[in-house]
Amino acid sequence: VQLQASGGGLVQAGGSLRLSCVASGRDFSSYAMGWFRQIPGKEREFVAAISWIGGSTYYEDSVQGRFTISRDNARNTLYLQMDKLKPEDTAVYYCAADTDFGSMVAAPSDHVMKYWGKGTLVTVSS
């Protein structure tokens, strides 16, 4: 599966952005999906994950209550609604796919996702 993220940009602190990730190929609904982010000079970190049909979601503590992950399997699209943005949310955001949702959420920092898209830059100004 090929993934393409979009929707990044510049926003003021407290504002909102919605990221999208379109998947090409077959069987999008057979993949659990995740969002990750990377600050220059730092390791990539887990942000959120969603199960195959969206029944289960999981968030990193710092975004819980501010970000919402969702998916539309009919459109082969993953979303990340980001509200109440903070300057520390500034990063390149990546979407990724894997078949093993359980491992994704059990050890999100350690699990190696199978497929990655190119990132989209989110910049939050103070």
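Values below: every heavy atom of this structure, side chains too, minus hydrogens, waters and symmetry copies.
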Indicate the atoms forming the closest heavy-atom contact of [X] with [Y], along with that distance.
| X | Y | result |
| --- | --- | --- |
| Val105 | Ala49 | CG1-CB, 4.2 Å |
| Ala97 | Val1 | CB-CG1, 4.2 Å |
| Ser70 | Leu78 | O-CD1, 3.3 Å |
| Phe101 | Ser51 | CE1-N, 3.5 Å |

What is the distance from atom [atom1] of [X] to atom [atom2] of [Y], rounded to the nearest 0.5 Å?
| X | Y | atom1 | atom2 | result |
| --- | --- | --- | --- | --- |
| Lys86 | Ser126 | NZ | OG | 14.0 Å |
| Lys118 | Ser6 | NZ | OG | 13.5 Å |
| Leu80 | Phe36 | CG | CZ | 12.0 Å |
| Lys84 | Arg66 | NZ | CZ | 9.0 Å |
| Trp35 | Phe46 | CH2 | CZ | 12.5 Å |
| Glu88 | Ile39 | CD | CD1 | 9.0 Å |

Counting distance only, does the side-chain N/O of [X] pair as donor-acceptor with the main-chain N or O of [Y] below 3.5 Å?
| X | Y | value |
| --- | --- | --- |
| Glu60 | Gln64 | no |
| Thr90 | Val124 | yes |
| Tyr59 | Ile69 | yes |
| Ser16 | Asp83 | no |
| Ser103 | Asp100 | no |
| Arg71 | Thr77 | no |
| Asn73 | Trp52 | yes |

Q | Exceeds 12 heavy-atom contacts within 6.0 angstrom, atom CD of Gln38 | A |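 Enclosed.
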
Q: For atom CD1 of Ile53, decide whether the heavy atoms of other residues, nucleotides or ligands shown that lie under 6.0 angstrom number more than 12.
A: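 For Ile53, atom CD1 is not crowded (no more than 12 foreign heavy atoms under 6.0 Å).
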
Decide yes or no for [X] and [Y]: does some side-chain heavy atom of the first lie under 4.5 Å from some side-chain heavy atom of the second?
| X | Y | value |
| --- | --- | --- |
| Tyr31 | Thr99 | yes |
| Met113 | Tyr94 | no |
| Leu19 | Tyr79 | no |
| Asp98 | Tyr115 | no |
| Leu3 | Val22 | no |
| Thr120 | Val92 | no |

(Q) I'd like to know if Trp116 and Val47 are part of one continuous hydrophobic network [Ile/Leu/Val/Met/Phe/Trp/Tyr, side-chain heavy atoms within less than 4.5 Å]. (A)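 Per the 4.5 Å side-chain linkage, Val47 and Trp116 are not co-clustered.
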
Q: Using the rule that two of Ile, Leu, Val, Met, Phe, Trp, Tyr join whenever any of their side-chain heavy atoms come within less than 4.5 Å, decide whether Tyr58 and Met104 are in one cluster.
A: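 As far as the 4.5 Å side-chain criterion goes, Met104 and Tyr58 are connected within one cluster.
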
(Q) side chain to side chain contact (heavy atoms under 4.5 Å, CB included) for Met33 and Phe28? Distances and angles first, verdict last. (A) CA-CA 9 Å; Met33 301 294 296; Phe28 175 69; 3.8 Å; yes

Q) Can Arg37 and Asp89 be said to form a salt bridge (charged side-chain N to carboxylate O under 4.0 Å, His left out), step by step? A) CA-CA 9 Å; Arg37 64 187 181 186; Asp89 294 319; 3.0 Å; yes

